[in-house]
Amino acid sequence: MSTKAVPELKSKGLFGSARALRDNRLPFIMRLSRDYEDIVKLRLGPSTQLYFLNDSDLIHQVLVAQADKFEKSPRFKRGTRKLIGQGILTSEGEFHKRQRKLVQPAFHHQRIAAYADVMVDYSVRIAGTWHDGQTVDMHHEMMTLTREIVAKTLFDADVSADGDKIAEAITIGIENTSQNAASLFSVPDWLPTARNRRGREAVAIMNNVLTTMINEHRASGIDQGDLLSMLLMAVDEENGGTMTDQQARDEAMTLFIAGHETTANATAWTWYLLSQHPEVETRLIAELHAVLGDRKPTMKDLANLPYTDMIIKESMRLYPPAWLVGIRVAMQDVMLGDYLIPKGSYVMMSPYANHHNPRYFENPEAFTPERWTPEFEKALPRFAYFPFGGGPRVCIGNSFSMMESRLILATIAQRWHFDLLSDQNIEPEPLVTLRPKSGIQMAIKVRESALEPA
């Protein structure tokens with residue numbers, strides 16, 4: 001079979017494009033997306049080749065059609081395992097399939113539906129701490145809200161008392177994870193650097209929180225109907241074994257962090273975008289008034305809130321929380337379309353780049369929720385839009401996150417309007433997730449009722 005030559009980005013120096021990818025991530029991948037149609041080869045070291053995929057069909061090959069020929073990169077797994085261990089995000093092969101099978105029931109539709117009231121009630125609760133004219137960091141507020149929702153729904157726990165301590169530990173862990181995964185050299189854990197010390201302290205804090213949860217569940221011996229109960233009581237059909245405390249900790253850590261970090265970022269960016277587009281907010285309030293009046297939303301209402309759904313989808317297009325799908329390594333020679341990817345080479349795919357690609361989205365920098373009609377979605381190539389990844393490693397909590405985002409938006413927007421404070425530089429920070437670099441400071445205005453416009 002004939003192959004096409006892969007265009008190559010020429011680079012100088014021993015490490016090629018590695019520093020640009022580490023230090024200038026979003027502008028660099030957008031340059032690749034703009035300058036190369038389908039694929040481009042980069043050099044990251046003397047002998048390390050990385051292929052950036054800019055085509056939805058090629059991405060489908062890696063994530064779905066030939067997913068068994070790729071694994072997540074060793075550097076990514078080393079960088080993340082210090083924090084989350086060997087959970088479903090980092091594990092491979094049969095172990096990954098087994099663990100995912102044990103976790104999956106917690107995210108079945110019927111069980112997710114039972115979480116809806118918690119999501120709404122906690123949204124009402126955090127909004128009850130605000131007052132008219134107050135200034136808040138909406139990223140911080142959404143982190144607090146989604147962290148408490150995940151703790152309650154998945155672990156039947158209340159973490160509000162330790163919220164700030166947990167938040168700081170997670171931030172340190174994510175920053176260190178991002179740096180470790182992108183570093184040209186791996187710093188040994190035993191070196192007494194300030195970053196290693198902070199990282200160990202952060203992991204210790206999170207371990208203490210999760211160990212307490214696990215011990216309390218073990219001691220009760222009762223299925224409390226949450227994810228942690230399911231993990232601890234699940235029995236492997238093949239060998240009859242149960243999950244060890246270490247395995248339960250790793251899965252719990254993965255889902256606790258990923259389960260609130262992504263939704264918090266998605267909703268924070270949504271409030272920012274609404275503050276910049278009052279016409280969108282006006283239409284949102286009209287929909288909420290027509291469907292809900294003054295009552296709180298329920299899961300059943302979501303089917304009748306299509307514009308609310310469009311807003312979340314468009315926000316996640318512009319600011320996908322998972323801006324980069326974990327870099328994969330080819331375990332053998334692989335043909336992607338007409339291109340040969342040699343064994344040992346890396347491939348990289350970016351939802352952020354594809355979501356801003358004019359090939360797939362007209363006027364891609366514009367915030368246009370109205371684009372998300374059923375007809376548009378049906379015609380859109382599968383991996384032109386993939387905020388939750390895809391294939392056998394698609395985000396296990398995607399339905400949970402989408403329901404949560406829509407319920408938070410509907411519940412809070414009914415009663416509150418947010419104005420962006422001036423003199424801020426709102427800039428995305430591409431760590432493991434796409435956070436607003438310095439938060440999003442907003443002034444709160446209370447609506448007297450759900451009928452009041454912005």
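Keep in mind that what you see is a predicted model, and the values were worked out from it rather than measured.
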Arg100 CZ: over 12 foreign heavy atoms closer than 6.0 Å
yes
Got Ile257 and Ile174 here, is their nearest side-chain heavy-atom distance under 4.5 Å?
yes
For Glu370, is the CD atom crowded, meaning more than 12 foreign heavy atoms sit under 6.0 Å from it?
yes
Just wondering, do Asp164 and His140 contact through their side chains at under 4.5 Å, heavy atoms?
yes
Between Arg447 and Glu281, does any NZ, NE, NH1 or NH2 come within less than 4.0 Å of an OD or OE carboxylate oxygen?
yes
State the CD1-CD distance between Ile170 and Glu175, to the nearest 0.5 angstrom.
12.0 Å
Which of these, Leu409, Ile440, Leu420, sits in a side chain to side chain contact (heavy atoms under 4.5 Å, CB included) with Trp271?
Leu409
Between Thr129 (side chain) and Ile126 (backbone), is there a donor-acceptor pair under 3.5 Å?
yes
Residues Ser160 and Glu148: closest non-hydrogen pair is CB-OE2, 3.3 Å
Report, as yes or no, whether the 6.0 Å neighbourhood of atom NE2 on His108 holds more than 12 heavy atoms from other residues, nucleotides or ligands.
yes
Rounded to the nearest 0.5 Å, how far does OG of Ser123 lie from CD1 of Ile149?
4.5 Å
Interatomic distance, Gln247 atom CD to Gln99 atom CD [nearest 0.5 angstrom]
5.0 Å
Under a 4.0 Å N-O cut-off, is there an ion pair linking Glu71 with Arg393?
no
Checking side-chain polar atoms at under 3.5 Å, does Glu287 have a donor or acceptor matched by the opposite partner on Thr308?
yes
Is the distance between the ring centroids of Tyr385 and His355 less than 6.0 Å?
yes
Would you call Asp121 and Lys296 a salt bridge, taking side-chain N to carboxylate O under 4.0 Å as the test?
yes
State, with a plain yes or no, whether a side-chain heavy atom of Glu314 is found less than 4.5 Å away from one of His277.
no
Cationic tip of Arg125 above Tyr122 ring, under 6.0 Å, 45° of axis
yes
Trp323 side chain reached by Leu26 side chain, heavy atoms, under 4.5 Å
yes
Classify the angle between the aromatic ring planes of Phe256 and Phe155 as parallel (below 30°), tilted (30 to 60°) or perpendicular (above 60°).
tilted
Taking atom types as modelled, find out whether Ser229 and Asp226 have a side-chain donor-acceptor pair closer than 3.5 angstrom.
yes
For the atom pair CG (Leu42) and CG (Leu21), what is the distance rounded to the nearest 0.5 Å?
7.5 Å
Is it true that Glu201 and Arg198 have a side-chain N and a carboxylate O under 4.0 angstrom from each other?
no
For Leu324 and Met349 the tightest heavy-atom approach is CD1-O, 3.4 Å
For Glu141 and Trp130, does a side-chain donor sit closer than 3.5 Å to a side-chain acceptor?
yes
Does a side-chain heavy-atom distance below 4.5 Å link Asp250 with Thr90?
no
Do the side chains of Phe367 and Gln276 get nearer than 4.5 Å, heavy atoms only?
no
Is any side-chain heavy atom of Met402 less than 4.5 Å from a side-chain heavy atom of Asp309?
yes
Check whether Glu427 reaches the backbone of Ser438 with its side chain - one donor and one acceptor, N or O, closer than 3.5 Å.
no
Does Tyr346 have any ring pair (Phe, Tyr, Trp, His ring centres under 6.0 Å) partners at least two apart in sequence or in another chain, and if so, which?
none
Do you know which two heavy atoms are closest between His139 and Asn265, and how far apart they sit?
NE2-OD1, 2.8 Å
Starting at CG of Leu284, measure out to NE2 of His289 and round the result to the nearest 0.5 Å.
13.0 Å
Has Asn207 got more than 12 heavy atoms of other residues, nucleotides or ligands less than 6.0 Å from its CG?
yes
Side-chain donor or acceptor of Gln104 paired with backbone N/O of Ile396 under 3.5 Å
no
Can a donor-acceptor pair be found between the side chains of Ser401 and Thr263 at a distance below 3.5 Å?
yes
For Val291, does its backbone N or O pair with a side-chain atom of Asp301 as donor and acceptor, under 3.5 Å?
no
So how far is it from Arg200 CZ to Asn176 CG, rounded to the nearest 0.5 Å?
10.5 Å
Which atom pair, heavy atoms only, marks the closest approach of Ile327 to Val347?
CG2-O, 3.4 Å
Should the pair Trp269 and Tyr272 be assigned to parallel (<30°), tilted (30 to 60°) or perpendicular (>60°) ring geometry?
perpendicular
What closest approach, in Å, do Phe52 and Ser33 show between heavy atoms, and which atom pair accounts for it?
CE2-N, 4.0 Å
Identify whether NZ of Lys or CZ of Arg in Arg371 sits under 6.0 Å from the centre of the six-membered ring of Phe361 and within 45° of that ring's axis.
no
Side-chain donor/acceptor of Arg317 to backbone N/O of Pro369, under 3.5 Å
no
Quick check: do Asp132 and Lys445 have side-chain heavy atoms less than 4.5 Å from each other?
yes
Verify the neighbour count for atom CD of Gln110: are there more than 12 heavy atoms of other residues, nucleotides or ligands below 6.0 Å?
no
Nearest atoms (heavy-atom pairs only) where Ala248 meets Leu232:
CB-CD2, 3.7 Å
Determine whether a donor-acceptor pair (N or O, by modelled atom type, separation under 3.5 Å) exists between the side chain of Ser315 and the backbone of Ile311.
no
